[in-house]
Amino acid sequence: MIRWKKAAIALAVAAMVGGGAAAAANASSTAEREVPITGPALAKASAAALAHTGGGRVTQTEDGDKDSRYEVEVTLDDGTEVDVQLNADFGVLGSKAEAAGTEGTDEGA
């Protein structure tokens, strides 16, 4: 009887540890997901980014970027991709341009 109880306790502990690890992995992957900008903020962020780059087309957005409140990726006519960092008021904090096959270059606001 004692062996059965020990085995049941060990199994329960293993299940809790495994469940905790799975929850931690899920939380970590959720934190790494990019959340697109939506609603009226999308129009404002896009307009601010396009004004900063002087044109192009918005190809990706992120709400709650690690570097700023909003990030808008603009692809210029020559294929250059520019990541524009915006604050909560849609002011440009800076940008990073990257041509195909090259490292990005930082540009202040």
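Everything numeric here is computed off the predicted structure, so don't read it as measured data.
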Exercise for review: Look up atom CG in Asp83 and atom NZ in Lys96, then write down how far apart they are to the nearest 0.5 Å.
Suggested key: 6.5 Å
Practice item. Quick one: pull up CG in Asp77 and CZ in Arg57 and give me the separation to the nearest 0.5 Å. Key: 9.0 Å
Study note, to complete from the structure: Between Gly56 and Leu50 the two heavy atoms that sit nearest each other are O-CD2, 3.5 Å
Revision key, fill the gap. For Ala48 and Val92 the tightest heavy-atom approach is O-CG2, 4.3 Å
Point to revise | For Ser95 against His52, the heavy-atom pair lying closest together | key: OG-NE2, 3.1 Å
Check your understanding: Looking only at atom types and distance, does a side-chain atom of Asp89 sit under 3.5 Å from a main-chain N or O of Gly91, one as donor and one as acceptor?
Key -> no
Exercise for review: Can you establish whether the number of heavy atoms outside Asp78 located under 6.0 Å from its atom CG is more than 12?
Suggested key: yes
**Study point:** Min side-chain heavy-atom separation Asp63-Thr38 under 4.5 Å
**Key:** no
Check your understanding: Looking only at heavy atoms, which two atoms of Ala97 and Thr80 are closest? And how far apart?
Key -> CB-CG2, 4.1 Å
Check your understanding: Could you give the distance from CD1 (Ile37) to CD (Glu71), rounded to the nearest 0.5 Å?
Key -> 8.5 Å
